[in-house]
Amino acid sequence: MSKNLNIWIEGTIIAALATVLSLIPFNIGPSFSVTVGAPVMMLYCLRRGLVPGFFASFLWGVLHILIGTAYILTPLQGFIEYFIAFGFTGLAGLFTLKVQQAIADQNQKALVWQVILGTIVGTVGRYFWHTIAGYYFWGSYAPEGWSAWLYSIVMNGVSALATGAFTIMVLAVIAKTNPQLFVPKKSVRGY
């Protein structure tokens, strides 16, 4: 089987696993939650790179629509929140080479730092788009006295912080205990 095909199959499996994990209820109040599938997806993005990371993250969003767990008010809102926002989780793949270099150098401190940075970038990329959609499409749900921007920033910000912190904790443990999970056996970076 082609090495490239293995990357895409792995990404598809990871998207399905992240979707299943996202079904675990981990809500904090009525309006925001921790995305339990995020550590699996971030690990894949940090393992395989930007393009495969975008592909798998995009598919993760599509799967939410297909299994009926997406909250869609309009087609444009659904497109932004499930295609674009989830896809931007793949930005974590920008750190693939640095993560793998830290592993090759056996520099655990650099590895954990790069995993943290990649997770932050992937999380911010995703929640930036959720915040944009929140302003335009969910702003009418803002409590009295709150602007649509404030409501979207607070709600999405809390979810981003909770998801990011959870993901960093899980991936930091993996980086310390089993860093080889960040390196494909037959290393073909990116494509």
Side-chain angles (χ1 to χ4, degrees), residues 1-24 35-70 72 75 78-108 110-112 114-130 163-164 166-168 170-191:
M1 191 174 339
S2 162
K3 291 177 187 178
N4 290 340
L5 184 58
N6 286 340
I7 292 170
W8 304 119
I9 290 171
E10 180 183 340
T12 303
I13 292 168
I14 291 297
L17 178 58
T19 302
V20 169
L21 289 172
S22 294
L23 296 174
I24 296 172
T35 307
V36 180
V40 172
M41 186 56 66
M42 291 289 183
L43 175 62
Y44 177 78
C45 294
L46 292 167
R47 173 183 167 93
R48 288 297 190 173
L50 186 65
V51 174
F54 266 113
F55 164 77
S57 298
F58 170 83
L59 184 55
W60 183 30
V62 170
L63 288 173
H64 277 79
I65 294 169
L66 293 177
I67 66 169
T69 60
I72 298 177
F79 180 76
I80 292 169
E81 292 212 78
Y82 292 95
F83 294 166
I84 296 174
F86 274 85
F88 266 73
T89 302
L91 286 175
L94 291 170
F95 294 82
T96 299
L97 294 177
K98 291 181 180 183
V99 164
Q100 293 178 0
Q101 187 61 53
I103 293 168
D105 295 342
Q106 297 181 350
N107 186 341
Q108 192 174 58
L111 171 60
V112 171
Q114 293 303 319
V115 166
I116 290 170
L117 288 175
T119 299
I120 290 170
V121 168
T123 301
V124 168
R126 175 182 168 198
Y127 282 97
F128 168 81
W129 288 104
H130 284 308
T163 297
F166 174 71
T167 303
I168 287 169
V170 170
L171 293 183
V173 169
I174 292 171
K176 290 181 179 186
T177 59
N178 197 0
Q180 289 309 112
L181 286 177
F182 291 96
V183 181
K185 289 192 179 190
K186 294 180 181 176
S187 186
V188 177
R189 295 187 184 111
Y191 301 85

Does [X] reach the side chain of [Y], with side-chain heavy atoms less than 4.5 Å apart?
| X | Y | answer |
| --- | --- | --- |
| Leu23 | Ile67 | yes |
| Leu46 | Gln114 | no |
| Gln180 | Asn178 | yes |
| Thr35 | Phe166 | no |
| Phe83 | Ile65 | yes |
| Leu17 | Tyr44 | no |
| Leu111 | Asn107 | no |
| Ile168 | Val115 | no |

**OP:** Check the pair Val62, Tyr82 against side-chain contact (heavy atoms from CB on, under 4.5 Å), reporting the backbone distance first and the verdict last.
**Re:** CA-CA 6 Å; Val62 170; Tyr82 292 95; over 6 Å; no

Original post:
Given the side-chain rings of Phe58 and Phe54, with only the six-membered ring counted for Trp, is the space between their centroids under 6.0 Å?
Top reply: no

**OP:** Take the angle between the ring planes of Phe86 and His130 and call it parallel below 30°, perpendicular above 60°, tilted in between.
**Re:** perpendicular

Original post:
Would you say the side-chain atoms of Ser57 and Arg126 include a donor-acceptor pair closer than 3.5 Å?
Top reply: no

Original post:
If you measure only the distance, is there a donor-acceptor pair under 3.5 Å linking the side chains of Asp105 and Gln101?
Top reply: yes

Give a yes or no answer on whether the side chain of [X] reaches the backbone of [Y] with a donor-acceptor pair at less than 3.5 Å.
| X | Y | answer |
| --- | --- | --- |
| Gln108 | Lys176 | yes |
| Thr96 | Gly93 | yes |
| Gln100 | Phe182 | yes |

